[in-house]
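Data first, discussion second: the structure below is written as structure tokens.
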Amino acid sequence: DGGITQSPKYLFRKEGQNVTLSCEQNLNHDAMYWYRQDPGQGLRLIYYSQIVNDFQKGDIAEGYSVSREKKESFPLTVTSAQKNPTAFYLCASSPGQGVNSYEQYFGPGTRLTVT
Amino acid sequence: KQEVTQIPAALSVPEGENLVLNCSFTDSAIYNLQWFRQDPGKGLTSLLLIQSSQREQTSGRLNASLDKSSGRSTLYIAASQPGDSATYLCAVEDQAGTALIFGKGTTLSVSS
């Protein structure tokens, strides 16, 4: 089955620790994105990548880092510098070419709790 | 800076009603607009995408319209069912391949 997988579904960390969230897609999509969702707020963009080995900061990139070494993978690291890391993190991808080339498809999300 | 607003924030209707969800955006220079559905604790499911050159898109009981000049989109749901209960999110993309800018959503509850 084609799709976007995020693991784990729930993640718990102590304050001060870095943590990496996984996002994998087998849709052969060029572009991938990371969003953060907080209660009562809309989704906000953290980072996005349109091609391998290239990525751009979104509105709230501070305290996060990403890599795009493979087309199908776009891991997000939440560093200890992120002041309020507890949130629901959503990964998305889009084809980047063809009809509806920028229609975004989302993974199931990872809920991160930092105490 | 682009801002997306969705009204109402919550809506409760009895089964069978037709309903309209509203989305407005401040900058009409958009590349496309997407409507999503989100169930509690889950990811987003894409419902409809409207390119900037299009006026509407239909999928089953759903119809989305786009009026770029007035900065508005509506999502029409016909003959609502309890299974339609979810949060509906509207998002616009200002430039191709960059990022979606989301509204805060409308939470719909359909009672049987």
Side-chain angles (χ1 to χ4, degrees), chain A residues 3-7 9-10 21 23 25 27 29-51 54-61 66 87-113, chain B residues 1-10 21-26 30-54 56-59 64 66 73 86-107:
Chain A
I4 303 172
T5 57
Q6 292 185 245
S7 61
K9 187 177 172 109
Y10 299 97
L21 282 60
C23 178
Q25 53 97 2
L27 300 168
H29 284 176
D30 288 330
M32 297 187 74
Y33 314 79
W34 274 106
Y35 294 88
R36 167 182 173 140
Q37 187 175 35
D38 296 282
Q41 297 199 43
L43 278 73
R44 293 179 292 168
L45 180 72
I46 305 173
Y47 270 98
Y48 68 100
S49 167
Q50 293 182 318
I51 56 172
D54 186 54
F55 47 82
Q56 307 295 329
K57 291 182 179 180
D59 296 328
I60 55 167
V66 294
F88 189 46
Y89 290 87
L90 289 156
C91 177
S93 69
S94 62
Q97 54 188 310
V99 176
N100 289 345
S101 53
Y102 293 106
E103 181 171 9
Q104 292 192 19
Y105 299 83
F106 281 75
T110 291
R111 185 165 299 280
L112 173 65
T113 302
Chain B
K1 183 181 175 184
Q2 179 75 270
E3 291 184 4
V4 179
T5 303
Q6 291 187 246
I7 295 174
L21 307 181
N22 296 294
C23 172
S24 62
F25 45 97
T26 54
I30 64 170
Y31 182 74
N32 64 40
L33 183 145
Q34 237 176 307
W35 281 94
F36 295 90
R37 169 189 172 133
Q38 185 176 31
D39 293 290
K42 306 289 187 185
L44 278 63
T45 300
S46 179
L47 297 174
L48 291 163
L49 178 141
I50 310 177
Q51 301 282 6
S52 62
S53 58
Q54 297 174 325
E56 66 176 347
Q57 284 286 336
T58 298
S59 176
L66 173 64
S73 176
T87 296
Y88 291 81
L89 295 162
C90 167
V92 300
E93 187 166 19
D94 283 347
Q95 297 177 47
T98 54
L100 291 171
I101 300 162
F102 282 84
K104 294 183 180 180
T106 294
T107 299

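What you see below is based on every heavy atom in this structure, not just the backbone, and it leaves out hydrogens, waters and symmetry mates. In what follows, every chain begins at residue 1, and chains take the letters A, B, ... in the order their sequences are listed. Predicted model, so just to flag it, every value in this text is computed and none were measured.
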message: For the CD atom on B:Glu3, are there more than 12 heavy atoms of other groups (residues, nucleotides or ligands in this structure) within a distance under 6.0 Å?
response: no
Proximal component of B:Leu89, with respect to chain A [non-hydrogen, under 4.5 Å]: side chain
field: Nearest atoms (heavy-atom pairs only) where A:Leu90 meets B:Gly43
entry: CD2-CA, 3.7 Å
- line: Closest non-hydrogen contact found for B:Leu44 with A:Phe106 is O-CB, 3.5 Å
query: Given that the side chain runs from C-beta out, which part of B:Gln38 has a heavy atom under 4.5 Å from chain A: side chain, backbone, both or neither?
result: side chain
- prompt: How many angstroms lie between atom OG of A:Ser94 and atom CD of B:Gln34, to the nearest 0.5 angstrom?
  reply: 9.0 Å
task: Side chain from CB out, backbone as N, CA, C, O: work out which of these in A:Gln37 comes under 4.5 Å of a heavy atom of chain B, or both, or neither.
output: side chain
message: Looking at every non-hydrogen atom in both residues, tell me the closest pair between A:Phe88 and B:Lys42 and how far apart they are.
response: CE2-O, 3.4 Å
query: Is there a donor-acceptor pair under 3.5 Å between the side chain of A:Tyr35 and the backbone N or O of B:Leu100?
result: yes
query: What residues, two or more places apart in sequence or in another chain, satisfy side-chain hydrogen bond (donor to acceptor under 3.5 Å, both in side chains) together with B:Trp35?
result: B:Ser73
task: Without swapping roles, check the side chain of A:Glu103 against the backbone of B:Leu49 for a donor-acceptor pair under 3.5 Å.
output: no
